[in-house]
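Some notes on the structure that comes next.
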Amino acid sequence: MHGLIGRRVFSGSAKSLRWQQQRCFSKVAQREEALLQDNGVDGLKMPPCDYTPPPYTGPTADEILAQRKKYLSPSMPYFYDKPLNIVDGKRQYLFDEKGRRYLDGFGGIATVSCGHCHPDVVEAIVNQTKRIQHSTILYLNHAIGDFAQALANKLPGNLKVVFFTNSGTEANELAMLIARLYTGCHDIISLRNAYHGNGAGTMGATAQANWKFNVIQSGVHHAVNPDPYRGVFGSDGEKYAKDVQDLIDFGTSGHVAGFLCEAIQGVGGIVELAPGYLPAVCNSVKKAGGLFIADEVQSGFARTGSNFWGFEGHGVVPDIVTMAKGIGNGIPLGAVVTTPAVADVLTRRNYFNTFGGNPVCTAAGLAVLNVIEKEKLQENALLVGSYLKERLNALKDKYELIGDVRGRGFMLGVELVTDRELKTPAKAETMHVMDKMKDLGVLIGKGGFYGNVFRITPPLCFTKEDADFLADAMDYTISKI
């Protein structure tokens, strides 16, 4: 089987390394091999890990589930018939209540960028918490300014003014408000199949029935999705772009507030934009007086590998950029970045966010930026992500069940279909493969309107050996269908 245990680099002498491996890996490795054998798998081994979690003494998964059903909202979903009780994490690995290790190929929905419990990020959080956790932005604290400066320096052009929020939904809500205030127009254009949040305004910009309640959602027009796999025009970006111009001409006053778009649709199933689409649309929107809002909640912070921001792969510079998820490696944090001229519109009234710019969160954000640069995680996302995509494309050649493999870096999608010509969604098969891969020790997500797309968005410290293990586990699982 392709891709077994690979080499990892540890500090210290070779003798010390061997001792550490024997001490830390032996019992864990034996248990993992036994679990794989219990599932009828021989020869498939998870790459080694230099961490053994402390024993877990808390409530069981069944007890937590019962508590959740009694006290938490019934709208909260979970994966698997028997949901996992994840109690520990280190880098690209997660551990359940019994100490079993899992390779995290989902990254908390593209949120864990540096890796679980990265020591630099943890240290920044702890040190700031020891000093002060919250005061209010009405007083001065250098943590928010330091991070805002570092963040602005990662963006092109005159995108230099930062407003911090707590989530991607909040960031997109604020961006839409700013665009409407700046332009004096109400109309926003977004894409079908998009997901931008579940707030009052962002639910309107979201364009999947699965995520929309029957409440008033005004002022948003949804353009034809420039989906190279399922779209009506294939990979012809200019034809899709014409639909945006048609919406402006026939669905608005001829003037719009803005165009809101993800560089790669995340919840929508890792859908890339057709080539040439974004520059053409930006041209139409600019002529209509609108702003381009780039939703980088999932594709930002080096996840695509080729660029730090997803929009950079299309040769455009937005007027507003929204971000969250990977910005804090799991800490609740989001941001809107725009130009000084556009940002000035918020001074017309009072606009405030109690926790936006919290010193603990912004200290974590700055640490994340430093880790991404220091450990060259963007380069790793490009190299390992490209390698993993090659492995997944090889599986596509091997199995008719795989209709499409797409994405960039560590934002990859694998769409399953029962008929390649008709592109019939293989929803049941997707659930089955996910569940069996979990049994083998690999966690991945799913998305797309039909729920038939694997979302592979691991921490950016994922290794080539991890990629092999994920691909081998998927290979084995699909071969047994």
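Below, each value reflects all heavy atoms present in this structure, side chains not excepted, and no hydrogens, waters or symmetry copies. From a predicted model like this one, the values you see are computed outputs, not experimental measurements.
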message = Contact between Met323 and Val297 at the side-chain level, heavy atoms closer than 4.5 Å - yes or no?
response = no
request  = With Lys464 as the cation and Tyr387 as the aromatic partner, state whether NZ or CZ is under 6.0 Å from the six-membered ring centre and within 45° of the axis.
outcome  = yes
request  = Check for a donor-acceptor pair, side chain of Glu272 on one end and backbone N or O of Gly407 on the other, with a separation under 3.5 Å.
outcome  = yes
query = Hey, is the main chain of Glu63 close enough, under 3.5 Å, to the side chain of Gln67 for a donor-acceptor pair?
reply = no
query = Would you say Asn452's side chain and Leu416's backbone share a donor-acceptor pair under 3.5 angstrom?
reply = yes
ask   = Rounded to the nearest 0.5 Å, what separation is found between the CD1 atom of Ile327 and the CG atom of Leu333?
value = 4.0 Å
message = Would you say the ring centers of Phe311 and Phe292 fall short of 6.0 Å from each other?
response = no
ask   = Can you name the nearest heavy-atom pair linking Val405 to Leu392, along with the distance?
value = CG2-O, 3.7 Å
query = Under 6.0 Å from the six-membered ring centre of Tyr229 and within 45° of its axis: does the NZ or CZ of Lys423 meet both?
reply = yes
Salt-bridge criterion met for Arg91 and Glu375 (N-O under 4.0 Å) = yes
ask   = Are Cys261 and Leu273 close enough that some pair of their side-chain heavy atoms sits under 4.5 Å apart?
value = yes
task = Please assess Lys130 against Val126 for the test side-chain contact (heavy atoms from CB on, under 4.5 Å), listing each intermediate value before the final yes or no.
result = CA-CA 6 Å; Lys130 287 179 178 179; Val126 171; 3.6 Å; yes
message = What verdict does the ring pair (Phe, Tyr, Trp, His ring centres under 6.0 Å) test give for Phe164 and Phe147, after you've listed the backbone C-alpha separation in whole Å, the side-chain angles of each residue and the deciding distance to 0.1 Å?
response = CA-CA 10 Å; Phe164 289 112; Phe147 183 40; 5.3 Å; yes
inquiry  = Tell me if a side-chain donor or acceptor on Thr322 pairs with a main-chain N or O of Asn172 at a distance below 3.5 Å.
reply    = no
note = Residues Ala335 and Thr165: closest non-hydrogen pair is N-OG1, 3.6 Å
task = Using modelled atom types only, decide if a donor and an acceptor are shared between the side chain of Asn329 and the backbone of Ser113 within a distance under 3.5 Å.
result = yes
query = Salt bridge between Arg192 and Asp227, side-chain N to carboxylate O under 4.0 Å?
reply = no
task = Keeping the roles fixed (side chain from Lys69, backbone from Pro74), state whether a donor-acceptor pair exists under 3.5 Å.
result = no
request  = Search all heavy atoms of Ala367 against all heavy atoms of Ala124 and return the closest pair with its distance.
outcome  = CB-CB, 3.7 Å
query = When rounded to the nearest 0.5 angstrom, what distance separates CG in Leu103 from CD1 in Ile444?
reply = 10.5 Å
inquiry  = Does Leu470 form a side-chain contact (heavy atoms from CB on, under 4.5 Å) with Asp466? I'd like the steps, not just the answer.
reply    = CA-CA 6 Å; Leu470 186 152; Asp466 296 323; over 6 Å; no
ask   = Does the distance from a Lys or Arg side-chain N to an Asp or Glu carboxylate O, for Asp404 and Arg406, drop under 4.0 Å?
value = yes
task = Could you please spell out the steps behind the side chain to side chain donor-acceptor pair (under 3.5 Å) verdict for Ser299 and Glu296?
result = CA-CA 5 Å; Ser299 60; Glu296 292 287 330; 2.9 Å; yes
request  = Taking the side chain as every heavy atom from C-beta outward, state whether Tyr399 and Asp475 have any atom pair closer than 4.5 Å.
outcome  = yes
task = Compute both the distance and the angle, then confirm whether Arg303 meets the cation-pi test with Phe410: under 6.0 Å from the six-membered ring centre, within 45 degrees of the axis.
result = no
inquiry  = A side-chain contact here means heavy atoms from C-beta on lying under 4.5 Å apart; do Val384 and Thr463 qualify?
reply    = no
query = Is the backbone N or O of Gln265 less than 3.5 Å from a side-chain atom of Gln298, with the two atoms forming a donor-acceptor pair by type?
reply = no
key: Pro226 vs Leu191 side-chain heavy atoms within contact, under 4.5 Å   = yes
query = Do Lys45 and Phe469 meet the cation-pi criteria used here (NZ or CZ under 6.0 Å from the six-membered ring centre, within 45° of the axis)?
reply = no
query = Lys446 side chain to Arg455 main-chain N or O, any donor-acceptor pair under 3.5 Å?
reply = no
query = Which distance, rounded to the nearest 0.5 Å, do you find between the OG1 of Thr111 and the NZ of Lys325?
reply = 4.0 Å
ask   = Is there a donor-acceptor pair closer than 3.5 Å between any side-chain N or O of Thr430 and the backbone N or O of Ala428?
value = no
inquiry  = Once you measure the plane-to-plane angle for Phe355 and His134, does it fall in the parallel (<30°), tilted (30-60°) or perpendicular (>60°) bin?
reply    = tilted
note = The reported gap from CD1 in Ile137 to CG in Asn353 (rounded to nearest 0.5 angstrom) is 7.5 Å
inquiry  = Under 4.0 Å between a side-chain nitrogen and a carboxylate oxygen: does that hold for Arg230 and Glu415?
reply    = yes
message = Would Lys90 pass as a cation-pi partner of Tyr51, given that its NZ or CZ must be under 6.0 Å from the six-membered ring centre and within 45 degrees of the axis?
response = yes
message = Do Asp120 and Lys374 make a side-chain contact, defined as non-hydrogen atoms from C-beta onward lying under 4.5 Å apart?
response = yes
ask   = Are Tyr476 and Leu440 close enough that some pair of their side-chain heavy atoms sits under 4.5 Å apart?
value = yes
message = Surrounding CZ of Arg131 (heavy atoms of other residues, nucleotides or ligands, distance under 6.0 Å), is the total greater than 12?
response = no
task = Would you sort out whether Phe163 and Ile178 count as a side-chain contact (heavy atoms from CB on, under 4.5 Å), showing the intermediate values?
result = CA-CA 11 Å; Phe163 195 106; Ile178 290 173; over 6 Å; no
inquiry  = Nearest 0.5 Å, please: how far is CE in Met474 from CZ in Phe454?
reply    = 5.0 Å
ask   = Hey, does Lys376 have a side-chain heavy atom less than 4.5 Å from the side chain of Asn380?
value = no
request  = Take Tyr80 and Leu443 through the test side-chain contact (heavy atoms from CB on, under 4.5 Å) and record every step on the way to the result.
outcome  = CA-CA 11 Å; Tyr80 313 117; Leu443 306 180; 3.7 Å; yes
Check: Tyr102/Asp96 side-chain N/O donor and acceptor closer than 3.5 Å = yes
query = How many angstroms lie between CD in Gln92 and CG in Leu94, if you round to the nearest 0.5 Å?
reply = 10.0 Å
inquiry  = Under 3.5 Å, is there a donor on one side chain and an acceptor on the other for Ser75 and Ser73?
reply    = yes
query = Ignoring hydrogens and geometry, is there a side-chain-to-backbone donor-acceptor pair from Tyr93 to Asp88 under 3.5 Å?
reply = no
